[in-house]
Protein chains: 2
Amino acid sequence: MQRKTTQREAIVQVLEEASDPLTPNEIQEESNSLRPGIGIATVYRAVKALVEDGWLTTVEIPGEPNRYERADKPHHHHFHCRSCGKVYDVEGCPGNIKQLTPKGFTTESHELTLKGICAECSTTNGVNPG
Amino acid sequence: MQRKTTQREAIVQVLEEASDPLTPNEIQEESNSLRPGIGIATVYRAVKALVEDGWLTTVEIPGEPNRYERADKPHHHHFHCRSCGKVYDVEGCPGNIKQLTPKGFTTESHELTLKGICAECSTTNGVNPG
DNA sequence: GACGCAATGATAATTCATTATCACTAAGCC
DNA sequence: GGCTTAGTGATAATGAATTATCATTGCGTC
């Protein structure tokens, strides 16, 4: 039977409160501030189960490890900062995506990733936003 | 000094004539039909040099190996077929992408990937396009 | 045609993210 | 409080893409 553990509770809480998608490593770090000692294997196991439950969605960014966020968020896209590497949620969608679909093709979904410099890195010196 | 080899000629020709971005493995296979015996290491070396020259661009699709295409193509996006795995060029762009940029962020570029079933797979039975 | 060295090709090594292993821990039931 | 066994954590193993190694090949020059 599925047992309730303090590790899993911490992981779920972290993902519940996250405003942006997190990598397994980020989940581990943040979970450990709630409940120290959680191993990376436990994070992977929990994430896998939560994705299978449909409670988490996988966010794939090219050249980046997978990130995970709650599946109940409305349709949105992502911003990938090339300075700090963080991934942020971006509200909205251009909306006229499917009209790009070539003849004979069927578009089932789409992923849009903005790339640039996030607000935090813009206000920090050492990075040239231009 | 940079020498002209039959291997590099074949690789360049393959990329010159490619209508869609190719993975190193695809480049190797196609190059070998022009000039048999080209090793994967040679493909990686040639691609790396061509990207550094600015003649090739890297196309990154989540969960897929990198693909490469000529850098002189006009702005466009990509379609990733979930059946055969191929990546196709898609003309055009929604155009109003940057207005999604959150306050304080700077968008330098964007990547849009359509996912679904390509024309070839749609006409082949065994795949349900819906 | 001979020579020097850049390029090649086979393959080992590396680099990651992710998964498997296994002894130990602790949740839930008595 | 004990028992059973699912869950955990440290780490080895795996898988896949890419890079390094090194003996050999062949381009470009003399």
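Chain identifiers are assigned alphabetically (A, B, ...) following the order of the sequence lines, protein sequences preceding nucleic acid strands; residue numbering begins at 1 within each chain.
- Heavy-atom distances to DNA chain D give each of A:Gln7 and B:Gln2 a nearest nucleotide, and the one nearer the 5′ end belongs to A:Gln7.
- Distance A:Glu52 CD to C:dT19 P: 10 Å, rounded to the nearest Å.
- Distances shown here put a side-chain N or O of A:Asn66 below 4.0 Å from the OP1 or OP2 atom of C:dT18.
- Ranking C:dG28, C:dG9, C:dA7 by closeness to the B:Arg8 side chain, first place goes to C:dA7.
- The nearest whole Å value for the distance from the CZ atom in A:Arg45 to the P atom in C:dA17 is 18 Å.
- Distances were taken from every side-chain heavy atom of A:Pro24 (C-beta onward) to each of C:dT18, C:dA27, C:dA7; the shortest belongs to C:dT18.
- Taking atom CG on B:Leu50 and atom C1' on C:dA7, their separation rounds to 14 Å, with Å as the unit.
- To the nearest angstrom, C1' of D:dC27 lies 11 Å from NZ of B:Lys4.
- Taking atom CD1 of residue B:Ile40 and atom C1' of nucleotide D:dA17, one finds them 10 Å apart after rounding to whole Å.
- In this structure, CZ of A:Arg3 is placed 12 Å from P of D:dT4, rounded to the nearest angstrom.
- Between A:His77 and B:His110, a ring centre-to-centre spacing not shorter than 6.0 Å is recorded.
- At whole-Å resolution of the value, CD1 in B:Ile11 and C1' in C:dG9 are 12 Å apart.
- Annotation for A:Glu64: atom CD counts as buried by contact number, over 12 foreign heavy atoms lying within 6.0 Å.
- Counting heavy atoms of neighbouring residues, nucleotides and ligands inside a 6.0 Å radius, atom CD of B:Glu111 exceeds 12 of them.
- Residue A:Tyr44 places none of its side-chain N or O atoms closer than 4.0 Å to OP1 or OP2 of C:dT19.
- Comparing atom distances between the B:Thr5 side chain and each of D:dG9, C:dA7, D:dA17 picks out C:dA7 as nearest.
- Taking the nucleotide of DNA chain D with the nearest heavy atom to each of B:Thr6 and A:Gly37, the more 5' of the two is matched to A:Gly37.
- The shortest distance between the side-chain N/O atoms of A:Arg35 and the OP1/OP2 oxygens of D:dT8 is not below 4.0 Å.
- Shown here is B:Glu9, whose CD atom has more than 12 heavy atoms of other residues, nucleotides or ligands within 6.0 Å.
- Across every non-hydrogen atom of A:Gly39 and A:Gln28, the tightest pair is C-NE2, 3.5 Å.
- Atom CD in A:Glu9 sits roughly 11 Å away from atom C1' in C:dA27 (whole-Å rounding).
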